[in-house]
Protein chains: 2
Amino acid sequence: MPKQTFLNLEGSKRKVITNAFLREFAIKPYDQASLSDVVKELGIAKGSVYQYFEGKLDLFLYLVGECNQTKMKYIGEITRKSYPDFWAFFRALYECGYKFDSENPLQSHFLFNLIENLNSPSIKHLHNEMLSQTVKAFEEMVEYEISAALFREDIPVKVMGFMLYKVGVSIQEQLIFSKTIEPLKSIENNTSVFLNKKEELMKTVDDYIRLIKPSFDK
Amino acid sequence: MPKQTFLNLEGSKRKVITNAFLREFAIKPYDQASLSDVVKELGIAKGSVYQYFEGKLDLFLYLVGECNQTKMKYIGEITRKSYPDFWAFFRALYECGYKFDSENPLQSHFLFNLIENLNSPSIKHLHNEMLSQTVKAFEEMVEYEISAALFREDIPVKVMGFMLYKVGVSIQEQLIFSKTIEPLKSIENNTSVFLNKKEELMKTVDDYIRLIKPSFDK
DNA sequence: AAAAAATGTGACTCACTAGTCACAAAATTT
DNA sequence: AAATTTTGTGACTAGTGAGTCACATTTTTT
């Protein structure tokens, strides 16, 4: 938790500081992200960071929380029940993600890099924790579809859930691999990840859905 | 390339040194792996490492080359033509991988950690290079299956190739996630990754094949 | 205006890294 | 046995980082 001092900060200053750290963690893994660099860039003293936060991890967790909260404001509105099948729902999540990205580029960048970010040895425990949560969410979705007789039931839920999670990640990584999106360049240019790339994003999403649908549908 | 001095080294000493570094890189990402720690453990001088190799990257690349070479001795024997369909071939690769693992535990551990290892910022270029190669290999497999009218042709090859690559990675990660295998513990205990876990491995592989087969087959 | 509380500071500590180099020891050749 | 080459050494440099703390400045309260 950030200290009271940070919360007392004038809104705009708090934002400038938050953004600078978001940018740093969006570019480098946790262990490589340098507080020293950021304070230099911000023109504030190193000590200030420790007046605002308990330490590096506290700061990082604050950023994770903030970004998740913002993204939830977008994604939270989407419910499975509003869609005829899982895939329409799945697709809607990406459309929503696009909106989140275009309206919150820096937070989007940060979350984009989060999985890679968490690979750092000193926060392995966090990585496992978050992975468990995410995978569990996917497993629950799969369970729902199975109980609704929409997904096949001859494959362990654990496998289907994990695979679905991996498909989500793969879509992102495919877009990076094919250089459709270039997060690092976007950050430099202060633009959102998917700027002018909505069509390509949704095309890839649709390709993936068409590809894996037969694996899951009953 | 390692220096002549290293190649002149007596076989067993070369092996002890190689193994110690394999272990280090199998546990930590490239940037976190510490040469200082390893030489301390080995009881040799830091300077020796620089008498054997040009530097950290040179050493790392040597290890990658050695491990790939060993694994190729196993996997290279398997050809698609010996199998009735892609999935039997795919399955055989894992059976072969198991054999490689049990006979070369340390090298297996190293390669196991390679993808994660390569995430380090200072060798991003290497990561991209290897990723391209691997994905290309999968794309070629997909192309072959399509031309043999065994895989569907309504999805871009790039998407199918990348997905297939990701399935391979996912199998590994699922096994870790479900704690069926525990690479870090195996390294500590000096045992192979899949020790006594062949059945579980092949069961997961079979689950994945059954799951994704309908997505790829015509 | 004085006292007190809250903010801000940057040189500093400590721990760590890759890589170097002048030197020492061992092995080989003459 | 002497000379030469190869191999081994570890204190050293130059750099990184997170986190600390006595002090300075600003803001708020009395």
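Side chains are part of it too, since the values below use all heavy atoms of this structure and drop only hydrogens, waters and symmetry mates. Lettering follows sequence order; numbering is per chain, from 1.
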Hey, which sits more toward the 5' end of DNA chain D by its nearest nucleotide, A/Lys28 or A/Gly47?
A/Lys28
Quick one: label B/Asp37 by what it contacts on the DNA or RNA (base, sugar-phosphate, nothing), any heavy atom closer than 4.0 Å.
sugar-phosphate
Determine the contact category for B/Lys40: base if any of its heavy atoms lies under 4.0 Å from a base atom, sugar-phosphate if only primed atoms, P, OP1 or OP2 are that close, otherwise nothing.
nothing
Between the base of D/dG19 and the side chain of A/Lys56, is one N or O donor paired with an acceptor at under 3.5 angstrom?
no
Check: A/Glu200/A/Thr180 side-chain N/O donor and acceptor closer than 3.5 Å:
no
A/Lys13 vs C/dG8: side-chain N/O to OP1/OP2 distance below 4.0 Å:
yes
Is it the case that the base of D/dA18 and the side chain of A/Lys46 share a donor-acceptor contact (distance under 3.5 Å, atom types as modelled)?
yes
Closest to the side chain of A/Thr5, out of D/dG8, C/dG19, C/dG8, is C/dG8
When the distance from CG of B/Asp31 to C1' of C/dC16 is rounded to whole Å, what number comes out?
14 Å
Among D/dG8, C/dT9, C/dA18, find the nucleotide with the atom closest to the side chain of A/Ala45.
C/dT9
Given C/dG19, D/dA18, C/dG8, identify the nucleotide with an atom nearest to the side chain of A/Ser36.
D/dA18
Atom-to-atom span, CG of B/Leu59 to P of C/dT17 - whole angstrom
15 Å
Please classify the nucleic acid contact of B/Phe53 as base, sugar-phosphate, or nothing, using heavy-atom distances under 4.0 Å.
nothing
Would you mind classifying the nucleic acid contact of A/Asp58 as base, sugar-phosphate or nothing, using non-hydrogen atoms under 4.0 angstrom?
nothing
Short side-chain N/O contact from A/Tyr50 to OP1 or OP2 of D/dG19, under 4.0 Å:
yes
Could you tell me the separation between the CG atom of A/Leu7 and the P atom of C/dA6, rounded to a whole number of Å?
15 Å
Under 4.0 angstrom, heavy atoms only, what part of the nucleic acid is B/Asn8 near: base, sugar-phosphate, or nothing?
sugar-phosphate
How about A/Phe6 and A/Tyr62: are their ring centroids closer than 6.0 Å?
yes
Walk me through it: do B/Glu199 and B/Lys203 pass the test salt bridge (Lys or Arg N to Asp or Glu O under 4.0 Å)?
CA-CA 6 Å; B/Glu199 268 176 49; B/Lys203 193 200 165 308; over 6 Å; no
A/Tyr30 OH to D/dA18 C1', in whole Å, measures 9 Å
Is the cationic atom of A/Lys56 (NZ for Lys, CZ for Arg) positioned less than 6.0 Å from the six-membered ring centroid of A/Tyr30 and within 45 degrees of its normal?
yes
Within the 4.0 Å heavy-atom criterion, would you say B/Phe6 contacts the bases, only the backbone, or no part of the nucleic acid?
nothing
Inspect the contact between B/Lys28 and B/Glu24 and indicate whether a charged nitrogen and a carboxylate oxygen are less than 4.0 angstrom apart.
yes
Of the candidate nucleotides D/dT9, C/dG8, D/dG19, which contains the atom at the shortest distance from the side chain of A/Leu35?
D/dG19
Quickly work out the B/Leu9 CG to D/dT7 C1' distance and round it to whole Å.
9 Å
Before you tell me yes or no, could you show the steps for B/Glu139 and B/Tyr165 under side chain to side chain donor-acceptor pair (under 3.5 Å), namely the whole-Å CA-CA distance, both residues' side-chain angles and the distance that decides it to 0.1 Å?
CA-CA 9 Å; B/Glu139 284 171 2; B/Tyr165 158 68; over 6 Å; no
Of the candidates C/dG8, D/dA18, C/dA18, the side chain of B/Ser34 sits closest to C/dA18
Axis bend over the full length of the helix from C/dA1-D/dT30 to C/dT30-D/dA1, computed from five pairs that close each end, to 10 degrees:
10°
Salt bridge (Lys or Arg N to Asp or Glu O under 4.0 Å), that's the test. Do A/Lys124 and B/Glu116 meet it? Break it down for me.
CA-CA 12 Å; A/Lys124 250 280 116 35; B/Glu116 209 161 315; 2.8 Å; yes
For B/Met1 versus B/Glu54, what's the shortest heavy-atom pair and its separation?
O-CG, 4.0 Å
Integer-rounded Å distance: C/dA27 P and B/Gln4 CD
19 Å
Lys/Arg N to Asp/Glu carboxylate O, B/Arg91 vs B/Glu95, below 4.0 Å:
yes
Atom pair distance, as rounded to whole Å: CD in B/Gln51 and P in C/dC23
16 Å
Just the rounded figure in Å: distance from C1' of D/dT26 to CD of A/Glu10.
15 Å
With respect to the phosphate group of D/dG8, does any side-chain polar atom (N or O) of B/Tyr52 fall under 4.0 Å of OP1 or OP2?
yes
